[in-house]
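Have a look at the structure below, then the notes.
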Amino acid sequence: MSFINYNSKEIYCKIIYAGPPKAGKTTNVQWLYKKTAEQSENSELLHLPLESSPTVLFDFLPLSLGKVRDFSVRLHLYTIPGDELFKSTGKIILKGLDGVVFVADSNPSRMEKNIESLNQLKLQLEDEGYELKKIPLVVQYNKRDLSTAEPVFRLKQALNYYNSPDVEAVAVNGTGVFDTLKIISRLVLTVLKGGELQ
């Protein structure tokens, strides 16, 4: 649910990066920060480390998002811990979200963790009153540079329940990272302007 600041004429949208531990959620957000920090003077990257799973808050204003009824659109990007241990933290981060990027690990040995994490996300969203199929969602297949990477068609079958937009990525070098952000931003803006998700 977007927050509107009438004084500054800004709309704040909350996008969550979710997925299993070590799938590349934080790497996505860190890469975006590194590439956009110079263009956005108010950008700040905050790390809230929780033992082995870092949670990150990242806020920036991409120029390409434009305006909605004279209001600038500002994105707040969060990563959500992948470990079950942090369910309560995850629930706090999910409140008021506008869109989700699910980052999947392409390593075949992580397929079970991908499925478990997606199912957990779905349940947590339902607890907060959301339906995964009714909110902007992009599925990112990360670590495509692995020589043993799971074929994309298998990842789609196992993880892309709702035929959501999806992107192949290598977050460590930025491949697919901006594409993922552009797609989720476009979906969030569509909903913000009163449009329907297809």
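Note that these values count all heavy atoms, side chains included, but never hydrogens, waters or copies made by symmetry.
In terms of the side chain to side chain contact (heavy atoms under 4.5 Å, CB included) criterion, residue partners of K134 (sequence neighbours excluded) are, by chain and number, E131. Applying the side chain to side chain donor-acceptor pair (under 3.5 Å) criterion to K133, with sequence neighbours excluded, gives no partner residue.
Contact of the Y141 side chain with the P151 side chain is not registered, since no non-hydrogen atoms from C-beta on lie closer than 4.5 Å. Using a 4.5 Å cut-off on side-chain heavy atoms (C-beta onward), V103 and V101 make contact. Within the 4.5 Å cutoff, side-chain heavy atoms of I135 are placed close to those of L125. Contact annotation: the side chain of L192 approaches that of C13 to within less than 4.5 Å [non-hydrogen atoms, C-beta and beyond]. F102 places a side-chain heavy atom less than 4.5 Å from the side chain of S117. Looking only at side-chain heavy atoms (C-beta outward), I183 and V167 come within less than 4.5 Å of each other. Side-chain contact between F178 and W31 is present, with heavy atoms from C-beta onward closer than 4.5 Å. Using a 4.5 Å heavy-atom cutoff, the side chains of Y161 and N119 are in contact.
With K25 contributing its side chain and G19 its backbone, the two residues share a donor-acceptor pair below 3.5 Å. Looking only at distances, no side-chain donor or acceptor of R154 sits under 3.5 Å from a matching main-chain atom of M111. No donor-acceptor pair closer than 3.5 Å links the side chain of Y162 to the backbone N or O of L137.
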Stepwise side-chain hydrogen bond (donor to acceptor under 3.5 Å, both in side chains) check, E150 with S106:
CA-CA 5 Å; E150 191 75 53; S106 291; over 6 Å; no
Original post:
Which is it for N142 and D105 under the side chain to side chain contact (heavy atoms under 4.5 Å, CB included) test, yes or no, and what are the steps along the way?
Top reply: CA-CA 5 Å; N142 193 26; D105 192 324; over 6 Å; no
Chi angles and distances behind the side chain to side chain contact (heavy atoms under 4.5 Å, CB included) call for I80, Y17: CA-CA 6 Å; I80 190 169; Y17 280 68; over 6 Å; no
Q | Residues E168, V152; criterion side chain to side chain contact (heavy atoms under 4.5 Å, CB included); working and verdict | A | CA-CA 8 Å; E168 294 183 51; V152 171; 3.5 Å; yes
TODO: List the steps, then state whether side chain to side chain contact (heavy atoms under 4.5 Å, CB included) holds for R144 with L155.
DONE: CA-CA 11 Å; R144 296 308 302 157; L155 289 164; 3.5 Å; yes
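Residue E128 qualifies as enclosed at atom CD: its count of foreign heavy atoms under 6.0 Å is above 12.
For the pair P165 and L187, the tightest heavy-atom approach, listed with the atom from each and the gap, is CG-CD1, 4.0 Å.
Contact check on K14 versus D98 returns no salt bridge, with no Lys/Arg side-chain nitrogen under 4.0 Å from an Asp/Glu carboxylate oxygen.
A salt bridge (charged side-chain N to carboxylate O under 4.0 Å, His left out) check over residues 155-166, counting only residues at least two apart or in different chains, returns the pairs K156-D166.
L181 and V172 are not part of a single hydrophobic cluster, where members link through side-chain heavy atoms under 4.5 Å apart.
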